[in-house]
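A short write-up of the structure that comes next.
This is a predicted model, so every value here is computed, not measured. Letters go in sequence order (proteins before strands), and every chain restarts at 1.
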Amino acid sequence: MNEITVFPILQEQQQQQEESTRQPVDIGALREKLAAGRGPAFWRTLDEAAETPELTEYVEQEFPGLSGQIPEGVDRRSLLKVMAASLAMAGAAACTKQPKELIVPYVRQPENVIPGLPLFYATATTTNGYARGLLVESHLNRPTKVEGNPDHPASLGSTTIYEQASTLSLYDPDRSQTVMKEGRISNISEFTGALSSEAQSIAGRKGEGLAILTGATTSPTLMAQMNAILAQWPAAKWYVHEPGVNPAVKSAANKIAGKNAFIAYDFSKADVVVSLESDFLNSGPAALVYARQFAAKRGIDKGQEPVRLYAIESSPSVSGSLADHHLAVKSSAIPAIAYQLAAKCGVSAPAAGADVPWVAAVAADLQKHKGSSIVIPGEFQPESVHLAAYAINAALGNVGTTVKLLEGVEPEGTHSLEDLANDLNGGHVETLLILAGNPVYAAPATLNFEGAIKKARMVVRLGQYFDETSRWSHWHVPEAHYLETWSDARAFDGTATIMQPLIEPLYAGKSVHEILTILLAKPDNSSHDIVKANWQAGYKGGDFDAMWKTSLHNGTVDGTAAAVIAAGPAVALPALGTSEANFEIVFRPDPTVGDGSWANNGWLQELPKPQTKVTWENTVYVSTRDAEAQKLSEGDVVKITVNGKSVTGPVFVVPGHAAGSATIFLGYGRTNSGHVGTGIGYNAYAIQDGATPYVAVGAMVKTGDKVKLANTQEMQTMADRAPVRAAEWTEFKEHPNFPTAEEPSVPKELTLYPNQWTYEGYKWGMSIDLNICTGCSACAIACQAENNIAVVGKDQVTRGRHMHWIRIDRYYSGNLDTPEIYNQPVPCMHCENAPCEVVCPVAATVHSQEGLNQMVYNRCVGTRYCSNNCPYKVRRFNFYLYSDWQTESMWGMRNPDVSVRSRGVMEKCSYCVQRIQEAKINTEKQGRRIRDGEILTACQQVCPTQAISFGDLNDPNAKVTKQQALQRNYGLLDDLNTRPRTTYLGYVKNSNEALRGQRG
Amino acid sequence: MANQLELEDKIIPDPGEKANIAPGFDYASVTEKITGVVYLPFKKSPKKWLVGIFTAFCFVNLLMFCIWTLFIRGTGIWGINIPIGWGFAIINFVWWIGIGHAGTLISAVLFLLKQDWRTAINRFSEAMTLFAVACAGMYPILHLGRPWLFYWLLPYPNSMWLWPQPRSPLEWDVFAVSTYGTVSIVFWYVGLIPDLATMRDTAPDLWMRKIYGLASLGWRGSAIHWHRYQKIYLILAGIATPLVLSVHTIVSFDFAVSVLPGWHTTIFPPYFVAGAIYSGFAMVLTLIIPLRAWYNMRDVLTLRHIDSACKLMLGTGLIVAYGYGLEAFFAWYSGDKYESFMYWNRVTGPYWWSYVLLIMCNILIPQALWSKKVRHNIIAVWFISIVVNIGMWFERFVIVVTSLHRDFVPSSWGMYTPTKWDWGTYAGTIGFFMMLIFLFVRLLPAISIFEERETLHHEAKHAAHAVQEHA
Amino acid sequence: MAQLFRPSANSLAKIAIGGALILVCSTIGIAYVIDRGPWITDVGVAPVQPIYFSHKHHVKDDGIDCRYCHSSVENSSSAGIPPTETCMSCHSQIWNNATVTEPIRQSWATGKSIEWTKVHDLPDYVYFNHSIHIAKGVGCSTCHGQINEMPWVYKVNTLYMNWCINCHRNPGAYLRPKSEVFNMDYQMPANQASLGAQLVKENHVQSLTDCATCHR
């Protein structure tokens, strides 16, 4: 399946040229095409149109109507009416002729491109500047699905939710599509001219007054370009802004190493891990690697004792949900705890506050595991915590085994957004190039960037959306999506990837390289030329083309990994200020839409947040104690005030949240984010203080209003049903069968209908290891991308009509202050005794010879009886026409191997049957059976901890067979004799006797 | 004899609970009395009738509007969701089907049991049955996600070589309900033939005569006709009787066959049937009480009929109560954690009020019917009959909604709130039902004429006997 | 009282009853015939194509192999419709100024694709794969008929589900030796029954009637 090829783009370009030599633009015809929403893919039409301003303008007005896909509200409804009406007609006329269809073959068929066979290309995407390697599936040169690149050190074959959702962003009809000059339609040549002439005057000033703002980056090409610019114009300044990144992480690392460095951890050697409010399994450039290593250490079935995790955090993180011990303290109290821990581990640390008894036990445990433990500081903790953590690791002899100092790959000597704001206000900036980010929105309120930006004479903005920042920029240039352009980036360990595009820019977007090259007076260089030239320049070896090809093919460049470096002179821990606020506000990027750059992505908006299962808005996390004190319950609107400024948002009471603190989330309250992301949630930036951006003293007051949250899971407890079964490591050693110990076994012959199935061929099954599921929800998004699952919008989610085929249930048990948190992914169980099958009057859901519970959309009439009778409630129903059949740009995104469901039919997890069929056809042609691991379901493939395994239960050596043979294997609701094919492995936690009973 | 209806205000006294018909009627006058309602010129129709049918007509339009919207926009306009996949549509379907039971019971079962009091109300309740079934029949089609494909539920040879799925209770419904509808309509029409002939002969207007003449299929009332009539009517009664049991038994399978706690129970068939008859008689009373007043028919629809109907309601009501009792008992006795939680949730959960209403309306209030005074207080009876109708609707609400909204896996529990479209459709079908009733009483003899004549005949005989015994 | 109806009314009534019955039956019958007839199924109907392209000429007279144009038939779900390039590979040399080949040169010059009308068109929810059928020994002509005899291509089978199922239930009845797959004039031998059984064993042909085989 994973056939990898290089250079798709050359063919694409070739084709483009042919297409652009088509008939001249005919406005009338274009008008009709747009009006009727047919004709060639409209972006191509726009390409042609972009030459004539008035037409472009027309298109600009016309386009939203064409693409108007609002997940809730009037427009969508009216669209639905039309669509549904035509559907109804189609149905009524079921027995009439099939409409004529056309076949439109290539004129010149690009080699490798065979209709019906997907191709996979290696590329990468960046989060906070660091690369994550990808394999992208492409059908007829349209990227449809993103997978992790198993050969890439920062991916290992998995991805996070963001890579999965990036395809939707690529095809998002709300992306900006034309160059804008002071709010009017312009074009790229006009812009290039303007910037070139500006470059003249800048040159005259030796770069004085030139400010370039980029996001965090590791791109060698970008750095080379910037260095060239700074070299030719020494007075120019480079500013870097990344709202989701805490500069303390880097500064601490640099201090420790005495040079540009990155601290990497190796969990494959760790037996005890202490997290000082770090979400290391879910965020940061190495999260996927850490997750994979951590999961391996948590594997208990070979008898070794699992790694023990102590999580000290103010609100339960994804990583925290796997913690064996959980201490809920205010975020601001963590430095003190870090120092106490340091002191107890033999580090000379300034005295810090009253002892927390809990810490002593943790320290003792760490002492027992010198060299095989990790103390990992939180991404948003101050420098002191990072220094302390390293000092502890050093003292425990972990440095060199579980903790490594690597050469840093981020640029040095760049300035911060604060500096930029000051320079702007000081009138030192004439020309401002904003090449990434959205500072007008995503900057602390105290900077008042909106005010500052007006001081510049010329502001150029490169962005994928015409957003808050674009509104205040003289020039807006549409930015190319990472799947549309050439670039490069390095992973946390230094390994470089050359990012190759899979498709021509849909909206003639430009890359950051193509903007900078204008300043370097080479305006005509394409990204491809720039990136290739840069690598060629730096290449010492022999045959460059060979190296270039293999690098593209593998998705990594050999010999680019960063070296391990020694620590510099020990750094003394700075004394701590006493910051004992009685109430504090913690700022964090949103779990799904991040810093707000993903706000217009419907998949991420509708993805339930791991902790709360709330969709489509950000809430205020409060502790159960504060909730009691202020009589707050879910949905109560509170007013959060931080030094004078305030926002209001609905609360969500989070068990395990630290008392005296509330967590609020950045990324919402957008005002210019397109149809999807505009005007939902509150804007936390509006009260963020540049001085204390991540935790601030503040107040929370109940306003009295109450809102209904779009929550996909109302019930938090297990109501003595035991869907999740857990045991202590010690218990587990005595009773490995604890999940099924007191379960009455149901005799298999207890069924009204005879057991007619023998499953001689294949016998598909799935096993989910609850012990290593972090609840990160990547599986849900991967499934959505693979199976063309529709977005339904907040209103429909509120009505209980979300469509996810795999949901992650989250249950609490134990006490309210430090509860145990369990995550349970629930796809279709594919029961051998499926209750849904017997009740469908038209046989639209039936059993297959391989034990699949098949859902046949085109036979379904929509009685919904199957869903009523499904004990797991994994079936989803199209109450309206949820799939977007209008927006032309979405068609390219869909997986051509999966039907797009229409109104009134049931749907559910199919075990990715399209992948099964593909594998069967390929192996049948080769006359062999399918090997284990040859079929990966979308959820399995993406899972960072590999908690999901799928395969043929008739194959004794298959991983799934072995897992289902384990004693801690159990079926959900097994007592109903449904005989689920999807089973679970019980949860085993390894708590510390010293702290047994008092998890807090 | 002057047409009674012209002196509408002059209240005709009720002959009391002993008499099936007031004294002083002869064959001619009873015929005139009943046909008079139909022969009445349109201008003379009672105001109440005009107002009634107009209101009903408005609701029919509401129904059309709701259905149109449903087809254009989809089932999403209703309050249903996952987990509550069935809402008002199925609740109303079961409710209407239940109401549709009185007719067959009265005409068939009571006929076989030789209950003479049935004669005055059987024609009317059969009609009611048909209309109720018509309303019920709409819902299963409307509630489909793709209603235009409803014919896939019918076994017909097709180019897909696919048949409906015989294990599905919904498939059994298709046959149960359609059979019931067909038999009821045949039964009803056969019963009409002699009266249609009577009207052919007595109608004042030539066109009416021609129409009724066509409809009466050349009935001459000859001995041989009557002989065959008796035979076929007896046979049809024989066929219809098991249907009274079968239909609602099968409807109850829709729930009983599933795995859901609160649905998956063996008590459903008997207690659904009892409930159906219960609600059926309630509806009959709800309708005939006002009608006998408007059309001044206290002398033919006498206390005797109302009294007997009340007693039947009381009886079936107690069976239903027993059903509720058993549900509670099994919840405890089974020891099944899902079952017991389900019952606990019914009584104390978010929908506790619906369960309380159900107990009040179906069990507590109807107990008043033990007292003769209440049974003879027409207003009270009418009130109770309405209460029972409401109660039986809530029974279905409780079964459908509270069982679905909290089933097995706690993570996917949910709530159900009906939308304006749910209510609109429900009200619409009630309007449709009422309109058919109004048309029926205006166009056809609402009371079986020839059977009333028989009644007169019998009463005369009895009188004669009585005299002889005296002597 | 005067009679309402003349005696003839009786016979009229009888005729009416009989007529109603006949009407119902005949309506169903006619509907069935139309629904299965060419007007609905397009069987035997050759749509007008942008080019007068004769398979008969190219396959039978010139003896060009199917795979020369439908090149991906052995390894992809789609058999592949030849790009203009393929036509030009010959027609830049021969008939290179005939009017009949003009549209090809047009397409080649303008880069605008030739838009053919689909003849064998399955619904979008049916996922058919050519390669596996070829690999298992289902001949081209088994489904497409003797294309080599068709100046204008038309459907010889309805491609309805019952038609597919018919073979999927009993593949043996239609299989041929792999060597014969592309033989357009292949006739089933008398011993098809035994041959089929043998081929089923040799090529590991399964009777796949699970819905998910075609519907995903």
Taking C/S113 for the side chain and C/E115 for the main chain, is one N or O donor matched with an acceptor at less than 3.5 Å? no
At a heavy-atom distance under 4.5 Å, which candidate from C/S71, C/S76, C/A135 has the highest pair count against chain A? C/S76
Give me the atom names and distance for the closest heavy-atom approach of C/P103 to C/V100. CD-O, 3.5 Å
What part of A/Q914 lies closer than 4.5 angstrom to a heavy atom of chain C: side chain, backbone, both or neither? both
Most heavy-atom pairs under 4.5 Å with chain A, out of C/D210, C/T213, C/N75, belong to C/D210
Just by distance, no angles: are the side chains of A/E850 and A/W764 close enough, under 3.5 Å, to form a donor-acceptor pair? yes
Heavy-atom distance under 4.5 Å to chain A: side chain of C/Y125, backbone, both or neither? both
Pair count under 4.5 Å, heavy atoms only, with chain C: among A/R859, A/Q917, A/H847, A/Q109, highest is A/Q917
Max heavy-atom pairs within cutoff under 4.5 Å with chain C, candidates A/L102, A/I921, A/N858, goes to A/N858
When you compare the side chains of C/N148 and C/D185, does any donor N or O come within less than 3.5 Å of an acceptor on the partner? yes
Please say whether more than 12 non-hydrogen atoms of neighbouring residues, nucleotides or ligands are located less than 6.0 Å from CZ in C/F53. yes
May I ask you to decide if C/T209's main-chain N or O and C/H168's side chain share a donor-acceptor pair within less than 3.5 Å? no
Interface moiety of C/H215 toward chain A, non-hydrogen atoms closer than 4.5 Å: side chain
Turns out that what part of C/I81 lies under 4.5 Å from chain A's heavy atoms comes down to both
Check whether NZ of the Lys or CZ of the Arg A/R981 lies under 6.0 Å from the centre of the six-membered ring of A/F950 and within 45 degrees of that ring's axis. no
Presence of salt bridge, C/D121 and A/K100, under 4.0 angstrom: no
Give, as side chain, backbone, both or neither, the part of C/P82 having an atom under 4.5 angstrom from any heavy atom of chain A. backbone
Most contacts with chain C, counted as non-hydrogen pairs under 4.5 angstrom, among A/L117, A/I114, A/V900: A/L117
Okay, C/Q206 and chain A: the region with an atom under 4.5 Å from a heavy atom over there is side chain
Distance under 6.0 Å and angle within 45° of the ring axis: does A/R903 meet both against A/W885? no
Structural part of A/S910 lying under 4.5 Å from a heavy atom of chain C: neither
So which part of A/V104 gets closer than 4.5 Å to some heavy atom of chain C, the side chain, the backbone, both or neither? both
